[in-house]
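Worksheet: one structure, shown below.
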Amino acid sequence: MPYVLEYACMAAEELSIGVDMGGTTIKFAVVQGTDVIFRGNPMQTGDYESPDCIVEEIGNRLRGIMELYPAVKAVGMGLPGFVDHKAGVVDSLTNVPGWYDIHIRDILSDATGLPAAVDNDANCMAYAEWKLGAGRGMNDLVCLTLGTGIGSGVIAGGHFVRGHLSAAGELGQMTIDYKGRIGYYGNQGAIEDYIGHREIAAEAQAAYAAAGQARPLEQCGPMDLENAAKAGCPVALALWDDIGRKLAACLMNCHYILNPEAFIIGGGVAKAGDLLFGPTRRYLKAQLYPPHYEKIKILPAMFSNDAGIIGAARLALSVANNEDS
Ligand code: BGC
């Protein structure tokens, strides 16, 4: 892989900070190439009163990291919602109230004195997987992260697809049921409202109750379902089959719009591996135009849950080095 070798030689000594904001936690890391060499204590967003308090604490944490790693060259942050990466502004975050029109890039660089880059969290993940991970060398790919929310980043014809309002690739908002549940932005039947972490747990709780096996919600999350399915539990196996079927519907729609070479799938829910990938592939095989199915790749993200943080840090370096990102 000449690109990776070249990158490793070029950037071996360059350090940058990646910040990955999710619905409930904000993670910090120092990244060197594809290695996470330091992890800060995650912040729990629920512990802070307002976005102002959160950004103030982010600044404190970043300065603390810079004391430990004075060589860091840049800071990058991924956030779960609509982020105008060019302007460096958060438009709105899905499932995180109060984050409107926040000039987060300026806040990060004012707090640290470093060049900063900000983007949607799934775009950061896609950037890492495209440049350094499972999608390297590809010109057309769609990367999805499956967690509390569902996000994606799209690369088409060798370019990142941003869209008119910098909001392209919001696959979590794709409807798979036009009469379905009403989602965060008012749209009905968005896939995120069926196979997001919380929705999987709620569905599982109902399925267990219907099978006469009532159990608390905290024991119905994707990881519990993974363990149960591996132990042969028919309720859990049926749930994974249904999750894969819904994901396949989303990928099929996406295939007919973008026709990517690969779908790269990461995030907490994808940790279930074949329990998710098996039914997803099976439903795609059953429903997709066969010559297309034969050529499409469905791959796990190489960097797993670190993809977002590695991508944010790498994006920041590309800004600091005036590279084309
Ligand atoms: C948001 C996306 C985000 C995804 C993953 C969704 O709820 O709408 O922008 O990428 O969650 O965090």
Side-chain angles (χ1 to χ4, degrees), residues 122 125-126 129 133-135 138 140-147 149-154 171-178 180-181 189-208 210-211 220-302 304-305 307:
M125 175 250 186
E129 293 294 335
M138 294 182 193
D140 296 277
L141 66 149
V142 174
C143 299
L144 288 101
T145 174
L146 313 181
I150 293 181
S152 67
V154 175
L171 269 191
Q173 304 308 323
M174 174 187 282
T175 185
I176 53 164
D177 178 0
Y178 77 104
R181 298 171 187 163
I191 182 143
E192 168 168 299
D193 295 312
Y194 295 88
I195 64 165
H197 189 118
R198 288 177 301 220
E199 289 72 17
I200 290 176
E203 199 85 24
Q205 192 182 36
Y208 278 123
C220 294
M223 215 190 269
D224 304 293
L225 283 187
E226 179 186 340
N227 293 335
K230 282 180 178 158
C233 166
V235 175
L237 284 165
L239 284 160
W240 281 114
D241 186 83
D242 192 54
I243 295 166
R245 184 173 194 170
K246 286 170 174 147
L247 181 60
C250 171
L251 301 189
M252 240 180 315
N253 291 339
C254 196
H255 165 78
Y256 286 124
I257 301 170
L258 292 161
N259 183 205
E261 178 180 347
F263 287 104
I264 294 172
I265 303 175
V269 175
K271 282 189 185 158
D274 279 349
L275 287 167
L276 173 73
F277 286 84
T280 304
R281 290 196 181 100
R282 207 167 55 249
Y283 283 107
L284 277 176
K285 185 172 186 189
Q287 295 182 34
L288 203 62
Y289 174 53
H292 286 185
Y293 177 75
E294 294 308 324
K295 298 217 168 78
I296 204 160
K297 300 178 185 114
I298 316 284
L299 306 171
M302 184 182 277
S304 187
N305 268 8

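- When every heavy atom of Cys254 is checked against every heavy atom of Met174, the shortest pair comes out as N-CE, 4.1 Å.
- Residues meeting the side-chain hydrogen bond (donor to acceptor under 3.5 Å, both in side chains) test with Gln205, sequence neighbours left out: none.
- Screening Leu141, Ile296, Leu284 for a side chain to side chain contact (heavy atoms under 4.5 Å, CB included) involving Phe263 leaves a single residue, Ile296.
- What you find for Tyr256 and Tyr289 is that their closest heavy atoms are OH-N, 3.4 Å.
- Annotation for Gly133 and Met302: closest pair CA-SD, 3.7 Å, computed over non-hydrogen atoms.
- No side-chain donor-acceptor contact under 3.5 Å links Tyr283 to the backbone of Gly278.
- The salt bridge (charged side-chain N to carboxylate O under 4.0 Å, His left out) analysis of residues 248-264, with sequence neighbours excluded, yields the pairs Glu261-Lys297.
- Sorted by first then second residue, the side chain to side chain donor-acceptor pair (under 3.5 Å) pairs that include residues 223-238, not counting sequence neighbours, are Glu226-Lys230.
- Taking the side chain to side chain contact (heavy atoms under 4.5 Å, CB included) definition, one finds that Tyr178 meets it with nothing, sequence neighbours left out.
- The line from CZ of Arg245 to CD1 of Ile195 is 13.5 Å long, rounded to the nearest 0.5 Å.
- Taking Gln173 as the reference, Asn187 meet the side-chain hydrogen bond (donor to acceptor under 3.5 Å, both in side chains) condition, with sequence neighbours excluded.
- Taking Arg198 as the reference, nothing meets the side-chain hydrogen bond (donor to acceptor under 3.5 Å, both in side chains) condition, with sequence neighbours excluded.
- His255 is linked by a side-chain hydrogen bond (donor to acceptor under 3.5 Å, both in side chains) to His292, counting only residues two or more places apart in sequence or in another chain.
- Residues passing the side chain to side chain contact (heavy atoms under 4.5 Å, CB included) test with Ala236, sequence neighbours excluded: Tyr208, Leu225, Ala228, Ala229, Cys233.
- The salt bridge (charged side-chain N to carboxylate O under 4.0 Å, His left out) contacts involving residues 268-285 comprise Asp241-Arg282, where partners must be two or more places apart or lie in separate chains.
- Closest of all the heavy-atom pairs between Glu192 and Gly149 is OE1-CA, 3.4 Å.
- Annotation: side chain of Met138 is in contact with side chain of Leu299 (closest heavy-atom distance under 4.5 Å).
- At distances below 3.5 Å, not a single donor-acceptor pair connects side-chain atoms of Arg181 with backbone N or O atoms of Gly189.
- Counting all heavy atoms, side chain and backbone alike, Pro222 lies closest to Val269 at CG-CG2, 4.0 Å.
- Summarising the geometry, atom CD1 belonging to Ile243 is positioned 8.5 Å from atom CD belonging to Glu203; distances are rounded to the nearest 0.5 Å.
- Listed by chain and number, the residues in a salt bridge (charged side-chain N to carboxylate O under 4.0 Å, His left out) with Glu199 amount to none (sequence neighbours excluded).
- Residues Cys220 and Ala204 come closest through the heavy atom pair O-CB, 3.6 Å.
- In this structure the side chain of Leu171 never reaches within 4.5 angstrom of the side chain of Asn253, judged on heavy atoms.
- In terms of the side chain to side chain contact (heavy atoms under 4.5 Å, CB included) criterion, residue partners of Ala211 (sequence neighbours excluded) are, by chain and number, Gln213, Val235.
- In this structure, NZ on Lys295 lies 12.0 Å from CG on Leu288, to the nearest 0.5 angstrom.
- Checked against side chain to side chain contact (heavy atoms under 4.5 Å, CB included), Val154 has the following partners two or more places apart in sequence or in another chain: Val142, Val161, Leu258.
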